[in-house]
Each structure stands twice: as structure tokens, then as C-alpha cells.
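Since the structure comes first, as C-alpha cells, the remarks are kept for the end.
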Amino acid sequence: GNMNKPLISVIVPIYKVENYLDRCVESIVKQTYENLEIILVDDGSTDDSGEKCDLFAEKDIRIKVIHKENGGLMSAWKAGVMQAKGEYIGFVDSDDYVDENMFEMLFSAARENYADITVCGILREYDTHCEKETFYLKSGVYNRTEIETQIFPIMISNGTMLNRGLSPNRVNKLFKKELLLNNLEFCDERVSLGEDLVTTFACMCDAQKIVIMDDFFPYHYKIRGTSIMGSYNPRFFAQSVLLNGVLREISNKKQVYDFSQQLNNDLLSLCFYGIERNIS
């Protein structure tokens, strides 16, 4: 029964992660949903990741490799989206891995409900323990009216420090491809903090229906000490201001809801967080 299942493109941006890459790609290859196009985007890796990608492609006909000059996360996954042939698009980051039923379950929920975006949970994996990422919205199907009345009011900021009502992550979502293609113009490659928020925000402004599964945690997110939020970063303030400007531009163009208060809160939170981080 695979023939009547639409193609799902899974995009993996790759940059210097050779230690985790095998586990990541293997977890996608093993998906119970088999009609996949797996796009490995080698973003100018200087380690063996690029060669590894080519070896994977020899072993599985569904794997395609894009080698490009290093341009950062946003440019890497954009390159993948522009070449994707799938009706739906998912993302997996190269140091993470997924349970084998992830795309089967996301797709079933999307098809059953004609959803533009389907959202599942993330397990944050530390060296010593795992944590389930918090959901601020309960499971269910949200039509456009419910998106506007229940999600938009807390989407970027729910009024507390850096808590966004809807998880901004790319990797815990299955997107209808058109949604991403229609919003590539907003995915500014200079943004190097909050890339996911930009993408998810723009797509959510257009979404007519979304599904949230708050009891399904198939995505294993590896927490490493070197992440952008975890280390001293002298450019943090400039990055925060750039991110906020792009979000405002999306908000102004879409005109679907007044996000100005939330955008103010988010910038304040980021600045406060940055000061705190840089002092400590």
C-alpha cells in the first residue's frame, strides 16, 4: 500500500557532525513510512561528513546529497526545500535521531485532518537524563479560527520569560511543502539565532489547520554544551535585534494578528537572557 502514499521529503542540514551522523541517517532510513526522499545537505563540512553522505546515498536510492559552500543553518535547509519533491517536508538535525514511527504518525494525523502543519513532542537528551519539552497548547486539531483565537495570542510570547506558546522548532513538525515555499523570502540567511522561529512563525501565519500531538515524543534532541544559547556570544544582542526585525517584517506583511506586544516581550526576554549569559 505504499503507492498511494505521498512522498515526504526529510531534509538534514549537515555541518561538522560526523560523530552523530550515522545514528541520525539510520533512524530516518528505518522509518516505517517508506515513501521518503531523504535530502542530506552538506553545508561545506570540513570533516568527513560530506564523504559519509555520498556513501549513504550509494546504499539507499531514496537518499540525495547536496554539497554546497558553508552558508549556515538557514541557507542549508533552504537549499533542501528548494530541491524537495515531496508533498510534505520534515526536518531532522544531524546530531539528533528519530523513532521509527515518527513520520508515519505525523503523516496519518496530517492526512486525516487535512492539516498544513502537524506538531509532535521533543525529548531533550542530556548526558545524564532526558526531559520532555513543555507543551503550552493541548492536543487536538486547530482550525483557522482556533489558530487565531488560541494560538496567535501566545505564539511568540506567552507573557513569561522566553516561553513561546507554540514550539518554534522545525524538527518536530511536518509541513505542507507549499507553506514553506511561499515563505522562503522571509528566511533571511543572516539570521543565526531563532532561524526556526522565523520559519515556523511565517508558516503558521498562513496555516489553515494544524494538529498538535502532545503525547507523542519521537524526536530525540541532543543537548550539547556548545549550542548558541549555551555559550558566551558577543554578537547575541545584534542577533536578537536582527531576529526581531525579521519577525516584525513577517507580521507587517501578513497582517493576520497584532503581534507587536509579543514581539516586544520576546526582544526584552532575549536581551535580558543575553546580558545574564554574558555576565555569568
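Using modelled atom types, one finds no donor on one side chain facing an acceptor on the other under 3.5 Å when comparing N252 with R248. A donor and an acceptor atom, one from each side chain of Q262 and S157, are nowhere located under 3.5 Å apart. Between N163 and T160, the side chains place a donor N or O and an acceptor N or O closer than 3.5 Å (distance only, hydrogens not considered).
When all heavy atoms of C24 and D96 are compared, the pair lying nearest together is CB-O, 3.1 Å. Taking every heavy atom of both residues into account, G80 and I11 meet most closely at C-CD1, 3.4 Å. Closest non-hydrogen pair, S94 versus V17, comes out as OG-CG2, 3.1 Å.
Scored by the side-chain contact (heavy atoms from CB on, under 4.5 Å) test, E87 finds P6, K176 as partners (sequence neighbours excluded). In this structure D60 satisfies the side-chain contact (heavy atoms from CB on, under 4.5 Å) test together with V29, R62, I63, sequence neighbours excluded. Under the rule for a side-chain contact (heavy atoms from CB on, under 4.5 Å), the partners of M213 that lie at least two apart in sequence or sit in another chain are M105, L106, A109, T118, V211, D215, F216. Scanning for salt bridge (charged side-chain N to carboxylate O under 4.0 Å, His left out) contacts around E18 gives an empty result, with sequence neighbours left out. In this view, K254 and N183, D206 satisfy the side-chain hydrogen bond (donor to acceptor under 3.5 Å, both in side chains) rule, not counting sequence neighbours. The side-chain contact (heavy atoms from CB on, under 4.5 Å) test applied to D196 returns N169, R170, not counting sequence neighbours.
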Test salt bridge (Lys or Arg N to Asp or Glu O under 4.0 Å) on E104 and K5 and set out the steps.
CA-CA 10 Å; E104 184 87 62; K5 287 192 165 178; 2.7 Å; yes
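For residues 186-205, the ring-ring contact (aromatic ring centres under 6.0 Å, His included) pairs, not counting sequence neighbours, are F201-F259. Residue pairs satisfying the salt bridge (Lys or Arg N to Asp or Glu O under 4.0 Å) criterion with at least one member in residues 66-80, sequence neighbours excluded, are listed as follows: D43-K68, K78-E189. Counting only residues at least two apart or in different chains, ring-ring contact (aromatic ring centres under 6.0 Å, His included) contacts with residues 53-80 comprise W77-F91. Note on residues 19-30: pairs passing salt bridge (Lys or Arg N to Asp or Glu O under 4.0 Å), not counting sequence neighbours, are D22-K52, E26-K30. Among residues at least two apart or in separate chains, salt bridge (Lys or Arg N to Asp or Glu O under 4.0 Å) pairs with a member in residues 110-126 are R124-E133.
Each of V98, L36, V25 was scored for a side chain to side chain contact (heavy atoms under 4.5 Å, CB included) with V10, with one residue passing: L36.
Residues V191 and L242 meet the side-chain proximity criterion, which asks for heavy atoms closer than 4.5 Å.
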Atom pairs and distances, side-chain donor-acceptor, residues 140-153, under 3.5 Å, sequence neighbours left out:
unit_1, atom_1, unit_2, atom_2, d
Y142, OH, K138, N, 3.4
Y142, OH, K138, O, 2.7
N143, OD1, T145, N, 3.1
N143, OD1, E146, N, 2.9
R144, NE, E148, OE2, 2.8
R144, NH1, C205, O, 2.9
R144, NH1, A207, O, 2.8
R144, NH2, C205, O, 3.0
E146, OE1, N143, N, 2.8
T149, OG1, T145, O, 2.9

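In terms of modelled atom types and a separation under 3.5 Å, the side chain of Q31 and the main chain of S27 share a donor-acceptor contact.
In this structure, H129 and Y126 have parallel ring planes: the angle between them is below the 30° cut-off, well short of the 60° mark.
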